[in-house]
Amino acid sequence: MSIIRMEESMSAVQETVTTAPGLPEFTIQGACARIRLNRERYLNRIEPDDVPALLEMLERAQDDPAIRVLVLTGTGRVFSSGYHLGDLAERRAALDTQPAGEPEPPQATSPFDVLLERLENLRVPTICRLNGSVYGGATDLALCCDFRIGEEGIEMFMPASRLGLHYYRSGMVRYVSRLGVNAAKKLFLTSQTIKAPEMLRVGYLTEMVPAGGLDAEVERLAGVLAGQAPLAVAGMKQAINELARGELDADALDARHAASLRSEDIREGVTAWHERRKPVFQGR
């Protein structure tokens, strides 16, 4: 990938990462990075070639201290139709060649699983801009984001039980911890499509907006998140995710809390509070 520095925009210089046709696009403008799925002809189906490109983009967002928020979206009328089903067929064929009587090998972590884990645990807060409906494994990709915003006409569909697939462990933990038992059972055990109002009710959508209101709400939230103290946000995001999974590292949380009390960010935050002005955080 290469980075092209674009002309000065109204708010900040924009950088665009160029990739091969069909691969996701990556742009940085000010404190906001954006990833756009880019296979509109195939309803943004996620192909194996997309995964390493997406991982590289997440690594850039993770390592660049100037980036404070990441927005994930798609191209066209659908966010994503899911992860390609050829991967399931390949795994099934591999099991068919296994000698009879031998125990099945431990399930290896797939590159897609690695991608989901990286996105969920990214340092910066993430927003999924659901430009359209979301299906299959892409429902989990969106669920890895901290916030999901969509318009009132979209829908979602998880076809695992219809395909005969027992979903992978990390995905099931994510669904249950974020949406609750009842919603997870309905989505996984019935393979029923649900519409935007129910997506909002069960917590899949964090915000549902009227048609035409998507960009304004995404930009508003991205601006709010980018203006918060980055060290505090990153640490509290990590703690919330650990608490949701029942994996809290209490000692690490306490250490981050203590470090925040010694940080320049808290000095700036308290000073700005007393001076009735907007704080300008440096992330240290």
Side-chain angles (χ1 to χ4, degrees), residues 37 39 42-48 50-51 54 72 74 77-98 100 102-120 128 130-206 208 241 244-247:
L37 303 179
R39 296 186 188 274
Y42 302 102
L43 303 180
N44 297 320
R45 182 179 66 212
I46 302 166
E47 298 287 346
D50 296 327
V51 174
L54 288 167
L72 172 66
R77 63 185 179 86
V78 170
F79 170 69
S80 176
S81 58
Y83 190 58
H84 83 128
L85 293 178
D87 186 57
L88 294 179
E90 292 168 8
R91 293 188 187 188
R92 181 70 180 87
L95 290 175
D96 285 342
T97 62
Q98 182 177 316
E102 285 192 8
E104 292 188 6
Q107 181 64 53
T109 300
S110 75
F112 188 61
D113 296 344
V114 173
L115 170 65
L116 296 176
E117 182 179 347
R118 296 272 180 85
L119 177 59
E120 182 175 31
C128 186
L130 286 162
N131 56 292
S133 297
V134 55
Y135 304 101
T139 63
D140 200 15
L141 181 70
L143 196 57
C144 287
C145 292
D146 302 306
F147 303 89
R148 289 161 300 284
I149 302 174
E151 293 184 349
E152 54 194 6
I154 68 172
E155 65 182 22
M156 69 172 292
F157 169 53
M158 167 49 71
S161 61
R162 189 178 297 183
L163 293 171
L165 172 68
H166 189 308
Y167 216 61
Y168 48 89
R169 178 172 52 186
S170 62
M172 300 208 72
V173 169
R174 202 157 24 245
Y175 263 81
V176 174
S177 64
R178 296 197 174 202
L179 305 184
V181 171
N182 290 339
K185 284 184 176 180
K186 180 173 183 178
L187 290 165
F188 278 110
L189 305 187
T190 71
S191 290
Q192 290 182 349
T193 298
I194 67 171
K195 306 294 186 179
E198 187 170 4
M199 293 165 68
L200 179 66
R201 182 183 65 81
V202 302
Y204 190 86
L205 285 180
T206 48
M208 182 179 71
N241 282 345
R245 296 190 296 259
E247 299 173 350

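Fair warning: this is a prediction, and the values are worked out from it, not measured in the lab. Along the sequence shown, residues carry numbers from 1. Reckoned from all heavy atoms, side chains included, excluding hydrogens, waters and symmetry mates.
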Engineer: Is it the case that Arg39 places NZ or CZ above or below the six-membered ring of Tyr42, under 6.0 angstrom from the centre and within 45 degrees of the axis?
Structural biologist: no

Engineer: Might you point out which heavy atoms bring Thr206 and Asp146 nearest each other, and give the distance in Å?
Structural biologist: CG2-O, 4.3 Å

Engineer: Output all residues satisfying salt bridge (Lys or Arg N to Asp or Glu O under 4.0 Å) with Glu198, sequence neighbours left out; order by chain, then residue number.
Structural biologist: Lys186, Arg201

Engineer: Nearest 0.5 Å, please: how far is CZ in Phe188 from CG in Leu165?
Structural biologist: 9.0 Å

Engineer: Quick one: list whatever passes side-chain hydrogen bond (donor to acceptor under 3.5 Å, both in side chains) with Arg118, sequence neighbours left out.
Structural biologist: none

Engineer: Any donor and acceptor pair, going by atom type alone, linking the side chain of Arg148 with main-chain N or O of Cys128 inside 3.5 Å?
Structural biologist: no

Engineer: Are any of the side-chain heavy atoms of Pro48 and Tyr83 separated by less than 4.5 Å?
Structural biologist: yes

Engineer: Taking side chain to side chain contact (heavy atoms under 4.5 Å, CB included) as the test, write out the residues that go with Leu189, two or more places apart.
Structural biologist: Lys185

Engineer: Show the nearest heavy-atom pair for residues Leu116 and Leu141, with the distance to one decimal.
Structural biologist: CD2-CA, 3.5 Å

Engineer: Is the closest side-chain heavy-atom distance between Ile194 and Leu187 below 4.5 Å?
Structural biologist: yes

Engineer: Could you tell me which non-hydrogen atom of Val51 sits nearest to which non-hydrogen atom of Pro111, and how far apart they are?
Structural biologist: CG1-O, 3.6 Å

Engineer: Please test Leu37 against Arg45 for side chain to side chain contact (heavy atoms under 4.5 Å, CB included), starting from the C-alpha separation and ending with a verdict.
Structural biologist: CA-CA 8 Å; Leu37 303 179; Arg45 182 179 66 212; over 6 Å; no

Engineer: Is any side-chain heavy atom of Phe157 closer than 4.5 Å to one of Ser191?
Structural biologist: yes

Engineer: Would you mind telling me which of Met208, Glu152, Met156 makes a side chain to side chain contact (heavy atoms under 4.5 Å, CB included) with Met199?
Structural biologist: Met156

Engineer: With sequence neighbours excluded, what pairs up with Asn241 under the side chain to side chain contact (heavy atoms under 4.5 Å, CB included) test?
Structural biologist: Glu120, Asn121, Arg178, Lys237, Arg245

Engineer: Please tabulate, one pair per line, all N/O donor-acceptor pairs under 3.5 Å involving side-chain atoms of residues 133-140, not counting sequence neighbours.
Structural biologist:
unit_1	atom_1	unit_2	atom_2	d
Ser133	OG	Glu155	N	3.0
Tyr135	OH	Glu155	OE2	2.9
Thr139	OG1	Gly136	O	2.6
Thr139	OG1	Tyr175	OH	2.5
Asp140	OD1	Arg174	NE	2.7
Asp140	OD1	Arg174	NH2	3.4
Asp140	OD2	Tyr168	OH	2.5
Asp140	OD2	Arg174	NH2	2.9

Engineer: Going through the distances and angles, do Phe79 and Asn44 end up as a side chain to side chain contact (heavy atoms under 4.5 Å, CB included)?
Structural biologist: CA-CA 7 Å; Phe79 170 69; Asn44 297 320; 5.9 Å; no

Engineer: Kindly write out the residues that satisfy side-chain hydrogen bond (donor to acceptor under 3.5 Å, both in side chains) with Ser177, not counting sequence neighbours, or none if the list is empty.
Structural biologist: none

Engineer: Please name the pair of heavy atoms, one in Asn131 and one in Gly74, separated by the smallest distance, quoted to 0.1 Å.
Structural biologist: OD1-N, 2.9 Å

Engineer: State the OG-CG distance between Ser170 and Asp113, to the nearest 0.5 angstrom.
Structural biologist: 5.0 Å

Engineer: Which pair of heavy atoms, one from Leu205 and one from Gly150, lies closest together, and at what distance?
Structural biologist: CD2-N, 3.8 Å

